[in-house]
Amino acid sequence: MILIDPLVRHRLRPLDDVTLHFLEPAAVEDPSLKDALEVFTGKARVVVAAHDTTPFWSRWRRGDAFPLKPRDEAFVDVLRQIDAELEHGVVRLGAVARVGNLSASRFRHRFAAQVGLPFRRYVLWRRLRLAVVEMNRGADATTAAHAAGFADLAHFSRTLKAMFGVTASQALRLPKPS
């Protein structure tokens, strides 16, 4: 089993006899996934991480991973606002910053500190997740791309391939996102 940290480039390809799981880092703290995550806690695992960071999965297995969720409960409204705006196209930093009662520049720094990802990267992750959820509900890739706020299928396909190394048709064969 290979655990690849968030935002680490890799060249793994989905094969018929290999299962890829894309797990949102915040999901590691979801009590409903506790049993499913047990398979990831064993010792015989390879962790692929960026050379300049402490590996997320190594920290998680020790019990001290930085979760992809805000430490400040007031920031939960910000995350809800982002999800609410996803289907309408561009999620504007300034509009979301106002929900958090912060200036755009201050919000950008606070968001990264609270959530553990830069604002734009988090929004992109949520768009991809929404598109895959739509495909799992039966939508074709083009419809799913538009529902998630991508400009077109090509934009969605490039982003999906760049971030996860899979095509839209391969993503349809993957387990449903949590």
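Model, not experiment: these values are computed from the prediction.
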Peer 1: Show me the pairs that pass ring pair (Phe, Tyr, Trp, His ring centres under 6.0 Å) and involve residues 126-149, at least two apart or across chains.
Peer 2: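 Of all non-adjacent pairs touching residues 126-149, none passes ring pair (Phe, Tyr, Trp, His ring centres under 6.0 Å).
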Peer 1: Out of curiosity, F111 CZ to L102 CG, how far, rounded to the nearest 0.5 Å?
Peer 2: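 Nearest 0.5 Å value for the CZ-CG distance: 12.0 Å.
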Peer 1: With rounding to the nearest 0.5 angstrom, report the OG1 to CE distance, T142 to M135.
Peer 2: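 These two atoms lie 10.5 Å from each other.
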Peer 1: Show the nearest heavy-atom pair for residues A145 and L153, with the distance to one decimal.
Peer 2: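 Result for this residue pair: CB-CA, 4.2 Å.
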Peer 1: Find out whether L128 and W125 are in side-chain contact, i.e. whether some heavy atom of one side chain is under 4.5 Å from a heavy atom of the other.
Peer 2: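 L128 vs W125: side chains apart.
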Peer 1: Under the 3.5 angstrom rule, does the side chain of R108 hit a backbone N or O of F119 as a donor-acceptor pair?
Peer 2: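 No, R108 side chain to F119 backbone: no donor-acceptor pair under 3.5 Å.
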Peer 1: Check the orientation of F150 and F156. Use parallel for under 30°, tilted for 30 to 60°, and perpendicular for over 60°.
Peer 2: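 Tilted, since the angle between the ring planes falls between 30° and 60°.
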Peer 1: Within the structure provided, determine whether F107 and N101 are in side-chain contact (heavy-atom separation under 4.5 Å).
Peer 2: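 When only atoms from C-beta onward are counted, N101 and F107 do not touch, as no gap falls below 4.5 Å.
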Peer 1: Kindly indicate whether the side chain of E85, heavy atoms from C-beta on, has any atom under 4.5 Å from the side chain of V123.
Peer 2: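 SC-SC contact between E85 and V123 ruled out.
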Peer 1: In chain order, what residues pass the salt bridge (Lys or Arg N to Asp or Glu O under 4.0 Å) check against D83, with sequence neighbours excluded?
Peer 2: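 For D83, the residues satisfying salt bridge (Lys or Arg N to Asp or Glu O under 4.0 Å) (neighbours in sequence not counted) are R126.
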Peer 1: What is the minimum heavy-atom distance between A97 and A104, and which atoms define it?
Peer 2: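 Where A97 meets A104 most closely, the heavy atoms are CB-CA, 4.0 Å.
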Peer 1: For the residue pair A144 and A139, what are the closest heavy atoms and their distance?
Peer 2: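 Looking at all heavy atoms of both residues, the shortest contact is N-CB, 4.2 Å.
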Peer 1: Could you tell me the separation between the NE2 atom of H109 and the OG atom of S103, rounded to the nearest 0.5 Å?
Peer 2: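 It comes to 8.5 Å.
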Peer 1: Which heavy atom of V99 sits nearest a heavy atom of Q81, and at what distance?
Peer 2: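 Looking at all heavy atoms of both residues, the shortest contact is CG2-CG, 3.6 Å.
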Peer 1: Give me the atom names and distance for the closest heavy-atom approach of A148 to R127.
Peer 2: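 Closest heavy-atom pair between A148 and R127: O-NH1, 2.7 Å.
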